[in-house]
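Right, one structure below, let's go through it.
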Amino acid sequence: MNKPASVPEQFDVVVAGAGFSGLYMLYRLRQLGLSVKVLESAGDVGGTWYWNRYPGARCDIPTTDYTYSFDPELEKEWTWSEKYATQPEILDYLQFVADRHGLRSDIEFSTTVTSARWDEQENRWRLTTSCGSEIRCRFYIMATGCLSMPKAADIEGAGRFAGQVYFTSRWPHEGVDFTGQRVAVIGTGSSGIQSIPLIARQARELTVFQRTANFSIPAHNGPAPADRLKQLGEDRAGYRHAARWSRGGVPIEPTDVLGGTASEAVRRERFEAAWEQGELFGILNVFADQGVNPAANDIVAEMIREKIRSIVKDPETSEVLCPKDHYFGTKRPCLDTGYFETYNLPHVRLVDLRKQPIASITEEGIETADESFGFDAIVYATGFDAMTGALVAADVAGRDGVSLQEKWAAGPSTYLGLMTAGFPNFFMLTGPGSPSVLSNMTVSIEQHVDWVAECLEGMREAGLETIEPTTLAEAGWNQHVQDCAAITLHPTANSWYMGANVPGKPRVFLPYIGGVNAYRQACDEVASQGYLGFRLTGPGEDRCWDGVIRRMQPDVAMVLEIMAGMGMPPMETLSAADARALMAAAAQTRPPGPEVGEVTDGVIPIPAGDLPYRLYRPAGPPEGPRPLVVYFHGGGWVLGNLDSDDPLCRDLCARSGAVVVSVNYRHAPEVRFPAAAQDAFAAVQWADANAIELGGIPGQLAVAGWSAGANVAAVACQLARDAEGPHISGQLLICPVVDSDMARPSYIENGDGYILTTALMRWFWDHYADPADRGDPRATPLRGDLKGLPSACIVTADFDPLRDEGVAYARALEAAGVPVRLARARGHTHTSVTMVGVVISGAPVRAEIGEALRDFFPAP
Ligand code: N01
């Protein structure tokens, strides 16, 4: 007789993992009255802190912060013994939490989820486990951690070694005694750096194999910091609230000191204070710009190298220990206790794998290109398949049987790091695309768990059964995650943040670097907007408010926030003179733009008087004449001058290799339409006639302009065509004004809040041209004859009221047979693309502009 098939167990929710996130998730789901089962591979709770038992394992966020905040009573009952608690103490803490809330009864230990399949008919997940059981659940939540899947040993011969082999990430529970042994440690990340000093205390000989030198600062461990304890004692709730709304999940005051401009004394003082403090978020906050500006980063990096050189006595060893191949912070910096000092011990040796790579592991030890080493034990501290490893390995398949592994073949794709399209009712806690590893994990974990719990509660109340992100929302979030990373130095490093440590893993920045606070804000907004970007279904219900939660470039958003905080009066409420003074004052504080070869000022004689110009000549070869670009500044025909657009002109010059002549045309309201347009045309005629004197190549002349400057540049092209000369090779129009019609959708969408407003545009027009003149093609070139005009590059910005008229001009030029390149400044405002050295995300757009300018001319 056949054995009857066992009936699968049914739960509302299954959670995989019983570490920090799984335990709290269980607690919250129970509070909601849902039936829950937690499956945990390990023999007990603890997650990371269960497995990583190597000597010296500690957290690298002060334990007063690296702790649950959901239970104030728990906080009172538990006191951390040290600033950075050891692994056994953190494990004790998690066991204490599990006991205190009776969590173990819903956890099945030593059980791994071996597969998860979405059943579309039943709207259920079907799970199988390593114990052979089947489970059905409505929601499946992976709380499997970011650094839980050890990286496979990717070294030739691994497995051949006859001695003892240890992985820091899977350390024996009974501990290891290295006394009298010859020990090798491979890897100098956090795990290696923490364990090496302690292994050195026991081993007879210790040889460390280092592929990449790592930045590390002393932890200065000891009692929990008194100031932190005082703050917590006085206002625990306030402290935790501040942590939740901080950038990294630890409440610190972000500095506004810039490395590039700070005095040597300030630099030194800030660095030494951070070094003494011994905290990651302190050393990452020496300068506001160290994460984005190579020069500022180099200052911190060099000061750390100085420290290493001062600690390590052997100059050759200390040089090998000095990190030089990545910017500080782009690989996770380490906190150590006596790490560099360890290399002063006579029985400790450092092998530089950049000079002598490992050829093979042998039965006796390790062979490099130059030497054979014999060992009794090898310790692999070689890291993890971070952030995606545990998720992808878990054999999860969503709609149509598509697995996570297949879907993420080119890198992870998530909405908010919480869910992924095609996998309904499947949540990831601290998944890729969330702040996770870049933050205090416990704060991020609590935020994710709370968000998921509130989502499930809301669904239950609304009678909804499934939730799943849309592909639009997910693509938007992925883009935002990458945009946030792109303005930092992070993508330059071969880090596990980039997936670069695992051979063959797609190179994608994995966590969200926009900050815990910004991320929480985005998650809250998504929920409060009816779960924007999610499809929710239930009996007779199918609702979806589709959309993208963050479309603006992160640094543009930051600039807008700063400007809003400055409380400046709206420009259109000022007189022209006051508005000009305000612009001039703002220009004082910005970066100067790139160096160019030569900058000279002069005047262009025109019948009405002299027009000032400034000429920028590129640095470096080739000597001799270059193409000429005549540039007209922005400012609504009212504001602006040679200084206002100076950084942009330098940038255009450096990127295009052309001589740029920036012309200050006459301004309204003193001189109104059509003076600016006439001046522009006169300047072009003059530049063409004087090309040789200006260092230009006769016949190779383009015009360019931004905003109202692009307006007069476009008009100059039409006037030159009508006058049958001069010949213009191309027109670069950055966010141009080409029409006076303010009814286009971009005016409706972007007319307020993005610096150039509808009200300001009206103010500009009123200063410049009478209503009766505004239909004149010399004011609104879109209304002119567009045949026979020079090739154009038109740049439009997403958050610009003028966006649609720029597009309209491009379309109209194309229709008239003019070759057009339309460059979209994604996520930018009218002004942000021009903010050289301030808005880093504008650089790729300006690179495209430089290329377009070069394309106007024959190749040199
Ligand atoms: O791993 P890692 P980890 N041949 O990837 C080297 C957290 N954590 O376990 O840089 C030779 O950082 C590799 O070299 P390279 C923390 O977030 C926290 O140390 O790839 N060498 C690197 O030196 C941390 O960042 C704490 O060139 C090889 C090392 O192995 C993260 O976990 C403690 C190699 C791996 O360093 C991971 O840290 C511990 C090979 N084939 C961990 N493959 C605290 O809270 C790899 N390496 C303090």
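Given the structure is predicted, the values throughout are model-derived calculations rather than measurements. Order of listing sets the numbers, starting from 1, for every ligand and every atom in it.
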Notebook entry, point to check: Under 4.0 Å from ligand 1, counting heavy atoms only, is it the side chain of Thr212, its backbone, both or neither?
Noted result: both

Notebook entry, point to check: Considering only heavy atoms, does Val437 approach ligand 1 within less than 4.0 Å through its side chain, its backbone, both, or neither?
Noted result: neither

Check: Are Tyr93 and Trp80 near enough that their ring centres are under 6.0 Å apart?
Finding: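 Tyr93 vs Trp80: aromatic centres under 6.0 Å.
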
Item checked: Aromatic centroids of Tyr327 and His490 separated by under 6.0 Å ->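 No, ring centres 6.0 Å or more apart.
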
Notebook entry, point to check: Which residue pairs pass the salt bridge (Lys or Arg N to Asp or Glu O under 4.0 Å) test when at least one of the two sits in residues 275-298, sequence neighbours left out?
Noted result: Arg228-Glu279

Check: Which pairs pass salt bridge (Lys or Arg N to Asp or Glu O under 4.0 Å) with one or both residues in residues 329-339, sequence neighbours excluded?
Finding: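 Listed once each, the pairs are Asp60-Arg332.
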
Looking only at the side chains, is there a donor atom on one of [X] and [Y] sitting less than 3.5 Å from an acceptor on the other?
{"X": "Arg182", "Y": "Thr207", "value": "no"}
{"X": "Glu156", "Y": "Ser360", "value": "no"}
{"X": "Glu82", "Y": "Asn221", "value": "yes"}
{"X": "Thr112", "Y": "Ser41", "value": "yes"}
{"X": "His173", "Y": "Arg53", "value": "yes"}
{"X": "Tyr519", "Y": "His448", "value": "yes"}

Tell me which protein heavy atom sits closest to [atom], plus the residue, atom name and distance to 0.1 Å.
{"atom": "atom 8 (N) of ligand 1", "result": "Ser190 CB, 3.8 Å"}
{"atom": "atom 29 (C) of ligand 1", "result": "Ala381 O, 3.3 Å"}
{"atom": "atom 43 (N) of ligand 1", "result": "Lys151 NZ, 2.7 Å"}
{"atom": "atom 48 (C) of ligand 1", "result": "Gln194 NE2, 2.8 Å"}
{"atom": "atom 9 (O) of ligand 1", "result": "Ser191 OG, 2.7 Å"}
{"atom": "atom 17 (O) of ligand 1", "result": "Arg332 CD, 2.8 Å"}
{"atom": "atom 36 (O) of ligand 1", "result": "Gly189 CA, 3.4 Å"}
{"atom": "atom 37 (C) of ligand 1", "result": "Trp496 NE1, 3.8 Å"}

Item checked: Euclidean distance, Arg58 CZ relative to Lys83 NZ, rounded to 0.5 Å -> 11.0 Å

So, regarding [X] and ligand 1 (criterion: nitrogen or oxygen to nitrogen or oxygen, under 3.5 Å), is there a contact or not?
{"X": "Asn501", "answer": "no"}
{"X": "Tyr54", "answer": "no"}
{"X": "Thr168", "answer": "no"}

Which of the atoms of ligand 1 are close to [X], meaning less than 4.0 Å from one of its heavy atoms?
{"X": "Ile186", "value": "11 (C), 21 (N)"}
{"X": "Leu353", "value": "11 (C)"}
{"X": "Phe384", "value": "9 (O), 37 (C)"}
{"X": "Thr188", "value": "22 (C), 23 (O), 29 (C)"}

Note to self: I'd like to know whether Glu371 forms a salt bridge (Lys or Arg N to Asp or Glu O under 4.0 Å) with Arg349, so could you lay out the CA-CA distance, the side-chain angles of the two residues, the decisive distance to 0.1 Å, and finally the verdict.
What the structure shows: CA-CA 13 Å; Glu371 274 178 85; Arg349 178 176 167 195; 2.8 Å; yes

Next item on the list: May I ask whether Leu147 places a heavy atom under 4.0 Å from ligand 1?
Entry: yes

Margin query: Considering Arg211, Lys331, His326 one by one, which has a heavy atom nearer to atom 13 (C) of ligand 1 than any of the others?
Written below: Arg211

